[in-house]
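Let me begin by presenting the structure, written as structure tokens, before commenting on it.
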Amino acid sequence: TLVKDIRGDVMRVQLWLTDVAATRGLDGLDTGFEEAEKAQADLRRNMQAARAHAKTMGLPEVEEALGRVEGFFTNFHTKGTAMAKAYVNSGPEVGNMLMGGFVGETDGMSAELDAVAEDVRTVADAARGRMQAELAAADTIAARLTWLILGLAGAGVAIAFVVLLLLRGNVVLPLSVLTGALTRIGRGDLDVAVPAMADRHDELADMAHAIEALRDRAAENARLRAEQQATEAEAEQGRRTALRNMAETVEAESRASVD
């Protein structure tokens, strides 16, 4: 864009100086010098911006070419202004003598601008090529990362499934069996078998031992209650037998006294 602006500024300078030369500044047509100076100022500003941009991008060849263009433009502007002033002040004979030098500077600067434009296109094509290569590399990396993520996700699912199976076999099922045994003991079933966990040394083994001890204590308490109840029943039966014998003895003695 800046190269196009610089080319446009050159064309404006050439147009205004040629216009002054053609009209010789007659009938108030003498503003060409002022307009050419404005175009020159715009060109210098655009040239400075273009060289700074080339320097920032690390393009010394473009920066050097822009310097050559600026040198050509200085000669171009100087000879063009001299030519136009010659037409105005001395007429076509003198102006025509300077026209060849102005045209030569114009051709030289056009060639330099074409070279700069070609350098810019070359740099742009190279940058585009690098960008496409980087994008292709990024796509490749993204594809590899996608497969890696999918692989890791699959491995994670497989590991989670194995862990779940291990937990089910080593924790969930034994815990369910122990819970069922505890529930049956709570309901009074003291013949329930508590699973042996002699090969384990963890909380579930401790829980199994505790449930087994609870079952044994409950069974012992039940046995003691049964013995106590049997003893009480036997004592009650003895008391009743003694009372009955006593009653029969009193009755027999009463009949004997009456007789």
Side-chain angles (χ1 to χ4, degrees), residues 1-19 32-81 83-84 100-168:
T1 302
L2 289 173
V3 174
K4 290 175 63 177
D5 292 341
I6 291 171
R7 192 185 293 275
D9 295 334
V10 171
M11 292 178 63
R12 286 167 56 205
V13 171
Q14 183 180 10
L15 175 64
W16 287 112
L17 292 178
T18 303
D19 182 69
F33 291 112
E34 181 180 349
E35 294 296 333
E37 288 299 321
K38 292 180 181 178
Q40 177 191 207
D42 290 340
L43 182 140
R44 301 288 185 190
R45 185 167 51 254
N46 288 329
M47 185 69 70
Q48 184 179 5
R51 294 181 69 175
H53 188 60
K55 184 175 182 179
T56 301
M57 294 183 65
L59 304 173
E61 66 279 4
V62 175
E63 187 178 3
E64 183 180 352
L66 288 170
R68 291 195 302 271
V69 171
E70 192 168 8
F72 269 103
F73 176 78
T74 300
N75 294 332
F76 163 82
H77 181 262
T78 300
K79 292 183 178 181
T81 301
M83 178 203 68
F102 180 62
V103 172
E105 293 295 333
T106 301
D107 293 340
M109 189 165 48
S110 295
E112 284 295 332
L113 282 172
D114 290 340
V116 170
E118 183 62 28
D119 288 342
V120 171
R121 279 194 295 271
T122 301
V123 171
D125 291 341
R128 189 180 301 110
R130 288 194 300 271
M131 182 179 296
Q132 290 175 349
E134 291 173 357
L135 288 175
D139 289 340
T140 301
I141 293 174
R144 291 177 179 174
L145 286 176
T146 300
W147 284 110
L148 178 61
I149 291 171
L150 290 175
L152 291 175
V157 171
I159 292 173
F161 183 72
V162 171
V163 171
L164 182 62
L165 289 178
L166 291 175
L167 286 175
R168 184 174 183 274

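- For the atom pair CG of Asn46 and NE2 of His53, the computed distance is 13.0 Å after rounding to the nearest 0.5 Å.
- If you take CG on Leu164 and CD1 on Ile159, they are separated by 13.5 Å, rounding to the nearest 0.5 Å.
- Between Arg44 and Gln40 there is a side-chain heavy-atom pair separated by less than 4.5 Å.
- By the 4.5 Å heavy-atom criterion applied to side chains, Met47 and Asp9 are not counted as neighbours.
- Heavy-atom neighbours of Glu37 CD from other residues, nucleotides or ligands within 6.0 Å: above the threshold of 12.
- Contact between Ala84 and Leu17 at its shortest, heavy atoms only, is CB-O, 3.7 Å.
- Taking the side chain as every heavy atom from C-beta outward, Phe73 and Val13 approach each other to under 4.5 Å.
- Atom CD of Glu70 and atom CZ of Arg68 lie 12.5 Å apart (nearest 0.5 Å).
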Next item on the list: Evaluate the side chain to side chain contact (heavy atoms under 4.5 Å, CB included) criterion for residues Leu15 and Met11: first the C-alpha distance (whole Å), next the side-chain angles of each, then the deciding distance (0.1 Å), finally the verdict.
Entry: CA-CA 6 Å; Leu15 175 64; Met11 292 178 63; over 6 Å; no
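- Separating the CD1 atom in Ile141 from the CG atom in Leu148 is a distance of 12.5 Å, to the nearest 0.5 Å.
- Counting all heavy atoms, side chain and backbone alike, Ala50 lies closest to Ile6 at CB-CD1, 4.2 Å.
- Looking at heavy atoms from C-beta onward, Thr140 lies in side-chain contact with Arg144 at the 4.5 angstrom threshold.
- Scanning all heavy atoms of the two residues, the minimum distance from Phe33 to Thr81 falls at CE2-O, 4.1 Å.
- Minimum interatomic distance between Lys38 and Arg12 (heavy atoms only, all atoms of both residues): C-NH2, 4.1 Å.
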